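Working notes, beginning with the structure itself.
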Amino acid sequence: MDADGRNGNKRFHQRLAPLDRANNNVCYHWRAGRCNRHPCPFLHSELPPHQQQQQSVAPDGGAIAKRNNVWRNPGAASGPPSKWGKGRGGGAVGRPPGRASDRICHYFLAGNCTYGENCRFLHSWFISDSFSLLTPLQGHQKAVSGIALPSGSDKLYSGSMDESVRAWDCQTGQCVGVINMGGEVGCMISEGPWLFFGVRNAVKAWNTQTATELSLDGPSGQVYSLVVGNELLFAGTQNGRILAWKFSAVGNCFEPAAFFDGHQLSVVSLVVGALRLYSSSMDNTIRVWDLATFQCIQTLTDHTSVVMSVLCWDQFLLSCSLDKTIKVWVTTESGNLEVTYTHTEEHGVLALCGMHDAQAKPILLCSCNDNSVRFYDLPSFSERGKIFSKEEVRAIQIGPGGLFFTGDATGELKVWKWLTNEVANS
């Protein structure tokens, strides 16, 4: 999407500079993400790092696995749990010297800082030289609750609490359609050509290739989470129940398959991995469901506040909570999940998302309620960068070719891209 800079990326290309400089100093303003000198007399890249052993990642581990929603990293499967968190304390790449990374200029975020380059606080939407902001997408009036890219479509779709779904042209970045959903969109996902929207008392389904529209009844209250796995569509609802449907090719419809009762409050996140459904809830728990029997086989109670998001990575389950922790769970010999590592943040964590960078290294994205998104290498939890936003980021979606998307509580989407070695070092 607009990778050549037609819609907001021109400034990024203008601040790139060749490496054949007379000095070996890195540009201070480039590190802050706001150098506008062309040409610049200083380096626009970090100095070459010392050679260090890299963990190999298999070529097929570079994407979210659609079939079971497990974030794959085969090369790390044999790594011992003791490697978790070994990188704690490492700073973000590209951090400006002499500035506190968390002290973003709030007047800059609001668009009215009068100090300009003399401001003592950071004027940037991100800190990293591994990825870049391509363009913002503006149109929603309330929080973005879901982002999806259906297979075979040239459109990006976003759902919002403003009761609308917007379609964006992936070439121009322009909004090309608005659908009124008649209620708040609590979540949204895609699977193949299908788009699924969680609304009040229903799940709406739309096939982007055939224009087929379906309404799946059964939920009570708002639908807050959706996932597809094991040939089933699952929906987590406001009353704590999880419902499942199976697609019928004969009738071209989704038929009720099962329901899961156990949570006492709203189910806010779902993920499927290894024939298990994992659900997290506002009741502070995670439940593990056997998809062969549809029975709850374990309830995890280690978090002390709302468990906002769960994510599968190889043999590990990751969870985040408003209790300011990210927990890494591993299956023991008994078959039960236990915490093998706990990462602590300064603020509550709202969402997790897994992806790979341009070098196929696994990266964890963590949205926090201080209006930031933190990037960590796994399993070390070494910090790779940070994104800032006007309000908290509610939705994160991975796209093709190193693209990823964020949507915040103001209704703004942003399009980002991981940089290749050639671009990052140019």
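In this text, all values refer to a predicted model and were calculated from it rather than measured experimentally. These values consider heavy atoms only, across backbone and side chains, with no hydrogens, waters or symmetry-generated copies. Counting from 1, the numbers follow the sequence of the chain as shown.
Nearest heavy atoms, Gly399 versus Phe405: CA-CE1, 3.9 Å. Between Gly139 and Trp168, the shortest heavy-atom distance links the atoms N-CH2, 4.2 Å. Between Val268 and Val307 the shortest heavy-atom distance is CG2-O, 3.2 Å. Across all non-hydrogen atoms, the minimal contact from Thr332 to Ser334 is OG1-OG, 2.8 Å. Listed here is the closest heavy atom pair of Val393 and Ala395: CG1-O, 3.5 Å. The minimum heavy-atom distance linking His303 with Asp323 is given by the pair ND1-OD2, 3.0 Å.
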Residues Glu391, Ser389; criterion side-chain contact (heavy atoms from CB on, under 4.5 Å); working and verdict: CA-CA 5 Å; Glu391 294 188 20; Ser389 186; 5.5 Å; no
Verdict with supporting geometry, His123 and Tyr115, ring-ring contact (aromatic ring centres under 6.0 Å, His included): CA-CA 10 Å; His123 279 207; Tyr115 288 97; 8.7 Å; no
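Taking Asn239 as the reference, Thr237 meet the side chain to side chain donor-acceptor pair (under 3.5 Å) condition, with sequence neighbours excluded. Taking the side-chain contact (heavy atoms from CB on, under 4.5 Å) definition, one finds that Val306 meets it with Met282, Asn284, Met308, Leu322, sequence neighbours left out. For the side chain to side chain donor-acceptor pair (under 3.5 Å) test, no residue two or more places apart in sequence or in another chain qualifies with Ser266. Take Ser145 and apply the side-chain contact (heavy atoms from CB on, under 4.5 Å) test, not counting sequence neighbours, and it matches Met161, Val185. With sequence neighbours left out, the salt bridge (charged side-chain N to carboxylate O under 4.0 Å, His left out) criterion links Arg287 to no other residue. Contacts of Asp377 classified as side chain to side chain donor-acceptor pair (under 3.5 Å), with partners at least two apart in sequence or in another chain: Arg384. For Tyr107, there are no ring-ring contact (aromatic ring centres under 6.0 Å, His included) partners two or more places apart in sequence or in a different chain.
By the neighbour-count criterion of 12 heavy atoms within 6.0 Å, atom CZ of Phe259 is sparsely surrounded, having that number or fewer from other residues, nucleotides or ligands. The neighbour count for Gln264 CD, taken as heavy atoms of other residues, nucleotides or ligands under 6.0 Å away, does not exceed 12.
Of the N and O atoms on the side chains of Thr342 and Lys327, at least one donor lies less than 3.5 Å from an acceptor on the other residue. With hydrogens and angles left out, the side-chain atoms of Trp416 and Thr406 include a donor and acceptor closer than 3.5 Å. For the residue pair Thr340/Trp329, the side-chain donor-acceptor check at 3.5 Å is not satisfied.
The backbone N or O of Lys142 sits less than 3.5 Å from a side-chain atom of Ser160, completing a donor-acceptor pair.
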Expected list for residues 216-226: side-chain donor-acceptor pairs under 3.5 angstrom, two or more places apart:
| unit_1 | atom_1 | unit_2 | atom_2 | d |
| --- | --- | --- | --- | --- |
| Gln222 | NE2 | Glu184 | O | 3.4 |
| Gln222 | NE2 | Gly198 | O | 3.3 |
| Ser225 | OG | Val267 | O | 3.1 |

Which atom pairs, one a donor and one an acceptor, fall under 3.5 Å between side chains of residues 271-279 and the rest of the protein, sequence neighbours left out?
| unit_1 | atom_1 | unit_2 | atom_2 | d |
| --- | --- | --- | --- | --- |
| Ser279 | OG | His263 | NE2 | 2.7 |
| Ser279 | OG | Trp289 | NE1 | 2.9 |

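Residue pairs meeting the ring-ring contact (aromatic ring centres under 6.0 Å, His included) criterion with at least one member in residues 132-162, sequence neighbours excluded, are Tyr157-Trp206. Within the structure, salt bridge (charged side-chain N to carboxylate O under 4.0 Å, His left out) contacts touching residues 396-416 (residues at least two apart or in different chains) are Glu412-Lys414. For the salt bridge (charged side-chain N to carboxylate O under 4.0 Å, His left out) condition, the pairs that include at least one residue of residues 233-261, sequence neighbours left out, are Glu231-Lys246, Arg241-Asp261.
Residues Met355 and Phe404 meet the side-chain proximity criterion, which asks for heavy atoms closer than 4.5 Å. When side chains are defined from C-beta on, Ser132 counts as touching Leu419, because their heavy atoms get closer than 4.5 Å.
The CG atom of Leu403 sits 5.0 Å away from atom NZ of Lys417, with the distance rounded to the nearest 0.5 Å.
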